[in-house]
Amino acid sequence: TTTNYQTGVPVKVSNTGGALPTTTPQIVAGTKYYAINISPSSIKLAISYANAIAGTAITISNDGSGTNTLIGQIPDGFDDITTYYVIYCK
């Protein structure tokens with residue numbers, strides 16, 4: 001199950017207890033990929049933002065093994081330790 005990732009959103013994948021799916025090109029844990037929104041519970045992955053916008057997805061050949069996890073990407077320039085606040089200005 002995924003959370004409604006919009007097309008072009010950067011994500012990373014990880015795996016515990018097995019191996020990531022076989023893909024073309026092969027995906028690598030911790031590498032940045034880009035979501036292609038298919039439905040609220042389904043996405044495909046692209047190797048670049050441009051490919052995501054064009055709908056050019058990575059080909060997945062199998063499900064892999066263990067537990068595959070999709071991780072929403074922290075935007076460049078931010079870290080996962082600091083608390084950030086958004087101020088809305090109109």
Side-chain angles (χ1 to χ4, degrees):
T1 302
T2 59
T3 305
N4 197 13
Y5 288 100
Q6 296 302 309
T7 295
V9 169
V11 296
K12 291 184 179 182
V13 294
S14 68
N15 177 282
T16 54
L20 287 166
T22 302
T23 62
T24 306
Q26 184 58 48
I27 58 174
V28 177
T31 299
K32 186 187 298 184
Y33 298 99
Y34 297 84
I36 300 171
N37 184 288
I38 304 302
S39 74
S41 62
S42 180
I43 66 166
K44 292 184 178 183
L45 296 177
I47 60 170
S48 68
Y49 178 80
N51 282 5
I53 298 303
T56 305
I58 294 170
T59 302
I60 299 175
S61 302
N62 65 40
D63 293 336
S65 60
T67 302
N68 296 311
T69 305
L70 185 68
I71 305 162
Q73 176 67 31
I74 297 169
D76 292 337
F78 293 86
D79 61 53
D80 61 354
I81 300 169
T82 306
T83 301
Y84 298 94
Y85 298 92
V86 176
I87 299 172
Y88 175 74
C89 298
K90 187 173 182 181

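Heavy-atom basis, side chains included; hydrogens, waters and symmetry copies ignored.
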Next on the checklist: If hydrophobic clusters are built from ILVMFWY residues whose side chains come within less than 4.5 Å, do Ile60 and Ile43 share one?
Outcome noted: no

Holding to side-chain contact (heavy atoms from CB on, under 4.5 Å), I want the full list of residues that pass it with [X], two or more places apart in sequence or in another chain.
X     : answer
Ser65 : Ala19
Thr24 : Thr59
Asp63 : none
Leu20 : Val13, Asn15, Ile27, Ala29, Asn68

Item to check | Tyr33 side-chain N/O to Ile58 backbone N/O, donor-acceptor pair under 3.5 Å | outcome: no

Item to check | Backbone of Ala46 reached by a side-chain donor or acceptor of Asn51 within 3.5 Å | outcome: no

Checklist outcome for this item: Output for pair (Leu70 CG, Lys12 NZ), nearest 0.5 Å, gives 12.0 Å

Checklist entry - Looking at NZ of Lys32 and OG of Ser48, how far apart are the two atoms once the value is rounded to the nearest 0.5 Å? => result 11.5 Å

Checklist entry - Given Thr7 and Ile53, is the side-chain contact (heavy atoms from CB on, under 4.5 Å) satisfied, shown in steps? => result CA-CA 7 Å; Thr7 295; Ile53 298 303; 4.1 Å; yes

Next on the checklist: Side-chain heavy atoms under 4.5 Å apart, restricted to Ile/Leu/Val/Met/Phe/Trp/Tyr: what other residues fall into the cluster of Ile38, or is it alone?
Outcome noted: Ile36

Item to check | Ser61 side chain near Thr23 side chain, heavy-atom distance below 4.5 Å | outcome: no

Checklist entry - If you take all heavy atoms of Pro25 and Ile47, which pair is closest and at what distance? => result CG-CG2, 3.6 Å

Checklist outcome for this item: Heavy atoms of Ala35 and Ala52 approach each other most closely as O-CB, 3.6 Å

Next on the checklist: Leu45 vs Tyr34, test: side-chain contact (heavy atoms from CB on, under 4.5 Å). Steps then yes/no.
Outcome noted: CA-CA 6 Å; Leu45 296 177; Tyr34 297 84; over 6 Å; no

